[in-house]
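Quick notes on the structure that follows.
Computed from heavy atoms alone, side chains included, the values below leave out hydrogens, waters and symmetry copies.
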Amino acid sequence: MSGQEGYGFCPRCGALMQDGVCRSCGYSMRKDSVWENPSAWQNRSEQQGPYVRETGPTGGEGPVLRPVQEQKKKSRVVAWIFIVLGIICLVVIITVTIVIIKGALDDARRDSRYGYGDGYFGYGNPYDDSWLDDYDSYDDTDEYYVPDAGDDYYVEITDATELDLSYQVIWESISFYADDPDEECTYDCICPVLKGPEGEEEKFAAMNQAIRQVVCEYEDGYETYPSGVESYGYVTYMDEEKISVVVRHTLKEKRTETPRVQAVTFRLETGEVISHEEMAQVDEELAWQFRARDSYQNGTVEFVEGLSDEELINCLKDEKDSVMFYTPVGLEIGFNYDGGWVTVTLKTDTL
């Protein structure tokens, strides 16, 4: 019978098959050939694309087909979701790190302090005699101006500190930097700090606050000057009754520098600021003395030469630009103008 066309034996149960179909168990050679030849099945099907063949349940049912393209799409979507989430997390971490670092650097640039302890800036600690051991053979009398009451006039602004008073002076260095790290604009200050005896902390704290305001006058506007500002504070006179602090500002343009002077004098007993009216009476007589002393001390200052007596008096009275402070030589009096500043020395016996 095997030689007869269209008949055969079922490979599953051994019964007679006709035209590829078992008459006993229903096994079909045609269906099996379809699973083994997906291309033939696809030609008969309206669906297109590759499929995955999965073993179907027993009982004569054929294998189950699953589209391969659909599974790949799902896998790609999941993969892209994880990639995007990873990129977002990385960007957030980098951004937060940059913000933290930039904030720390900006804080350091905007307000960096370098304290020099209980000593004089550049001079060591004058309240400790041991520092002199390294300078026994050093003579600096020819390098630094030391003002004296016997001098005809005050030569230049310099420190005139005393070591045997009930209070002391130390110096603090303060630096400010521009927000833009590429900017070379800086504000460098040297600020005198008073240290009073126990029980007078509040009074000296108020004086130190006033001194710092004068020294850091350009703290909020120094970036308007291309090369920044320098402010150096001096103690030009100190005793148990009063102390004068003078600040020399240097406003740095690209090619020029403009000097400016400010001063503040305190009454030690109360910590109050001594006004200019208490130091000297500005009138025509004082204006005459100013012209005479200016010609003797400073030579010809064109700005002063061009002022009338009334204009000169107004300059000496101007609350913003006038300046007065004590020195060992006498009372220094003057004012700031567009080209700089000018002062003269009024000896105590002329007041």
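Considering Thr97, Val91, Ile98 in turn, Ile98 is the only one that fulfils the side-chain contact (heavy atoms from CB on, under 4.5 Å) rule with Ile94.
For Thr158 against Tyr154, the heavy-atom pair with the smallest separation is N-OH, 3.1 Å. Between Val215 and Tyr187, the shortest heavy-atom distance links the atoms O-OH, 2.9 Å. The shortest heavy-atom contact between Lys317 and Val282 is CE-O, 3.4 Å. Heavy-atom minimum distance, Lys252 versus Tyr225: O-CB, 3.4 Å.
Thr327 and Glu332 are not linked by any side-chain donor-acceptor pair at a separation below 3.5 angstrom, with hydrogens and angles left out of the test. No side-chain donor from either of Thr300 and Glu305 sits under 3.5 Å from a side-chain acceptor of the other.
Val342 has its side chain within reach of Phe335: a pair of non-hydrogen atoms, C-beta onward, lies under 4.5 Å apart. Annotation: side chain of Ile170 is in contact with side chain of Lys195 (closest heavy-atom distance under 4.5 Å). Side-chain atoms of Glu230 and Ile190, non-hydrogen and from C-beta on, never get closer than 4.5 Å to each other. Contact of the Val155 side chain with the Pro147 side chain is not registered, since no non-hydrogen atoms from C-beta on lie closer than 4.5 Å. Considering only heavy atoms from C-beta on, Leu286 stays 4.5 Å or farther from Gln281 through its side chain. The closest side-chain heavy-atom distance from Asp159 to Trp171 is below 4.5 Å. Residues Leu251 and Tyr218 meet the side-chain proximity criterion, which asks for heavy atoms closer than 4.5 Å. Considering only heavy atoms from C-beta on, Trp341 comes within 4.5 Å of Pro259 through its side chain.
Between Tyr326 and Tyr237, the angle of the ring planes lies from 30° to 60°, which puts this pair in the tilted group.
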* Report the C-alpha separation of Glu278 and Ser275 in whole Å, then their side-chain angles, then the decisive distance to 0.1 Å, and conclude whether the side chain to side chain donor-acceptor pair (under 3.5 Å) test is met. => CA-CA 5 Å; Glu278 295 180 80; Ser275 66; 3.3 Å; yes
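Salt-bridge annotation for Arg212 and Glu219: present, with a side-chain N of the basic residue lying under 4.0 Å from a carboxylate O of the acidic one. In this structure, Glu217 does not pair ionically with Arg260, as no charged nitrogen and carboxylate oxygen lie closer than 4.0 Å.
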